[in-house]
Amino acid sequence: QVQLVESGGGSVQAGGSLRLSCEVSGYAARIYVRYYCMGWFRQAPGKEREGVASMDTGNTVYADSVKGRFTISRDNAMNTLYLQMNSLKPEDTAMYYCAARRTSYCNSALTSTDFTDWGQGTQVTVSS
């Protein structure tokens with residue numbers, strides 16, 4: 001069993017930056033970060049959860065709304081997934097969740113139901 005714990009959220013003004021972290025711990029943590037598809041999702045109040053970005057060993061996928069502004073990466077030694085968010089907009093305000101899919105391949109669709117393990121979320125608030 002693994003745990004995914006997000007951190008790094010906060011309140012920033014439009015145009016600012018934040019870096020979210022997702023630390024994976026537990027027996028299979030090294031497998032998750034090194035070999036599984038992992039991703040970031042977000043959910044704003046009153047809206048459905050949407051995919052932000054995902055990565056596997058060879059590819060990254062981004063939602064159109066964040067392309068060019070957000071970067072997903074991981075540190076295998078630290079068992080940590082990151083989301084660097086630049087040029088933040090008020091519409092980026094949401095709870096951000098880290099998730100893992102127990103396959104080595106992420107398809108191009110950021111579908112939340114494909115992901116089996118989730119963190120508790122970290123809040124990002126962007127003011128205009």
Side-chain angles (χ1 to χ4, degrees):
Q1 186 174 356
V2 296
Q3 286 188 319
L4 283 64
V5 179
E6 303 94 334
S7 62
S11 296
V12 296
Q13 290 191 329
S17 298
L18 285 172
R19 188 177 79 156
L20 305 183
S21 299
C22 172
E23 182 177 357
V24 184
S25 62
Y27 178 75
R30 294 177 70 249
I31 295 174
Y32 272 65
V33 178
R34 285 164 176 74
Y35 301 115
Y36 284 172
C37 167
M38 296 197 69
W40 289 95
F41 291 79
R42 66 187 181 186
Q43 188 166 18
K47 294 187 177 181
E48 292 187 356
R49 188 169 295 188
E50 64 173 347
V52 175
S54 69
M55 71 181 304
D56 55 30
T57 56
N59 298 288
T60 56
V61 175
Y62 294 95
D64 288 343
S65 58
V66 306
K67 281 181 181 177
R69 300 188 299 121
F70 290 11
T71 303
I72 188 171
S73 64
R74 58 189 175 192
D75 185 330
N76 291 343
M78 299 295 291
N79 291 337
T80 301
L81 182 75
Y82 300 101
L83 185 68
Q84 177 67 43
M85 305 186 297
N86 299 328
S87 301
L88 282 162
K89 304 175 181 180
E91 51 264 43
D92 295 318
T93 295
M95 184 73 78
Y96 283 71
Y97 298 91
C98 171
R101 177 179 179 180
R102 300 178 193 176
T103 62
S104 60
Y105 173 68
C106 293
N107 59 31
S108 59
L110 290 161
T111 306
S112 62
T113 52
D114 289 339
F115 289 74
T116 53
D117 301 276
W118 292 83
Q120 83 290 347
T122 185
Q123 177 68 38
V124 172
T125 302
V126 185
S127 58
S128 57

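Residue numbers count from 1 along this sequence.
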**Report entry** Close side-chain approach of Glu91 and Val126, heavy atoms under 4.5 Å
**Finding:** no
Query raised in the report: Which pairs count as salt bridge (charged side-chain N to carboxylate O under 4.0 Å, His left out) when at least one residue sits in residues 69-86, sequence neighbours excluded?
Result: Arg69-Asp92
Query raised in the report: Between Gln43 and Lys47, which heavy-atom pair has the shortest distance, and what is it?
Result: NE2-O, 3.1 Å
Report task. Go through the steps to decide whether Trp118 and Arg49 satisfy the test side-chain contact (heavy atoms from CB on, under 4.5 Å), and finish with yes or no. Result -> CA-CA 12 Å; Trp118 292 83; Arg49 188 169 295 188; 3.2 Å; yes
Query raised in the report: In Å and rounded to the nearest 0.5 Å, what is the OH to OG distance from Tyr96 to Ser7?
Result: 15.0 Å
Query raised in the report: Out of curiosity, does Tyr82 fall in the hydrophobic cluster containing Leu88 (side-chain heavy atoms, cut-off under 4.5 Å, transitive links)?
Result: no
Query raised in the report: Out of Val12, Val52, Val124, which residue meets the side-chain contact (heavy atoms from CB on, under 4.5 Å) rule with Met85?
Result: Val124
Query raised in the report: Taking the side chain as C-beta and beyond, is there a heavy-atom pair between Glu6 and Leu20 under 4.5 Å?
Result: no
Requested in this report: Supply the atom-to-atom distance Cys106 SG to Asp114 CG, rounded to the nearest 0.5 angstrom.
Outcome: 9.5 Å
Query raised in the report: Hey, does Thr111 have a side-chain heavy atom less than 4.5 Å from the side chain of Arg101?
Result: no
Report task. Take Leu81 and Val33, measure what side-chain contact (heavy atoms from CB on, under 4.5 Å) needs, and give me the verdict at the end. Result -> CA-CA 7 Å; Leu81 182 75; Val33 178; over 6 Å; no
Query raised in the report: Checking side-chain contact (heavy atoms from CB on, under 4.5 Å) for the pair Gln123/Thr93: CA distance, chi angles, key distance, verdict?
Result: CA-CA 8 Å; Gln123 177 68 38; Thr93 295; 4.1 Å; yes
Query - Distance in Å, Phe70 CZ paired with Arg42 CZ, rounded so as to fall on 0.5 Å steps - result: 5.5 Å
Query - Ser17 side chain near Gln84 side chain, heavy-atom distance below 4.5 Å - result: yes
Requested in this report: Indicate, with yes or no, if Met55 and Val66 share a hydrophobic cluster defined by side-chain heavy-atom contacts under 4.5 Å among Ile, Leu, Val, Met, Phe, Trp and Tyr.
Outcome: yes
Query raised in the report: Rounded to the nearest 0.5 Å, how far does CG of Leu4 lie from CD of Gln120?
Result: 9.0 Å
Report task. Quick one: closest heavy-atom pair of Gly119 and Tyr97, and the distance? Result -> O-CD2, 3.6 Å
Query - Closest contact, heavy atoms only, Ser21 versus Thr80 - result: CB-CG2, 4.1 Å
Requested in this report: Measure the CZ-OG distance between Phe41 and Ser54 for me, rounded to the nearest 0.5 Å.
Outcome: 7.0 Å
Report task. First locate atom CG of Leu83, then atom OG1 of Thr122, and finally report the distance between them rounded to the nearest 0.5 Å. Result -> 11.0 Å
Query raised in the report: Any side-chain donor paired with an acceptor under 3.5 Å for Arg30 and Asn76?
Result: no
Query raised in the report: If every non-hydrogen atom of Pro90 is compared with every non-hydrogen atom of Ala14, which pair is closest and at what distance?
Result: CD-CB, 4.1 Å
Report task. Please step through side-chain contact (heavy atoms from CB on, under 4.5 Å) for the pair Tyr62 and Thr71, ending with a clear verdict. Result -> CA-CA 8 Å; Tyr62 294 95; Thr71 303; 3.8 Å; yes
**Report entry** Cluster check Met95, Phe115: I/L/V/M/F/W/Y, side chain < 4.5 angstrom
**Finding:** yes
Requested in this report: Using the side chain to side chain donor-acceptor pair (under 3.5 Å) rule, pick out the option among Arg102, Gln3, Gln1 that qualifies with Asp117.
Outcome: Arg102
Query raised in the report: Under 6.0 Å from the OH atom of Tyr35, do we count more than 12 heavy atoms belonging to anything else shown?
Result: no
Query - Closest non-hydrogen atom pair, Cys98 against Met38 - result: SG-CE, 4.0 Å
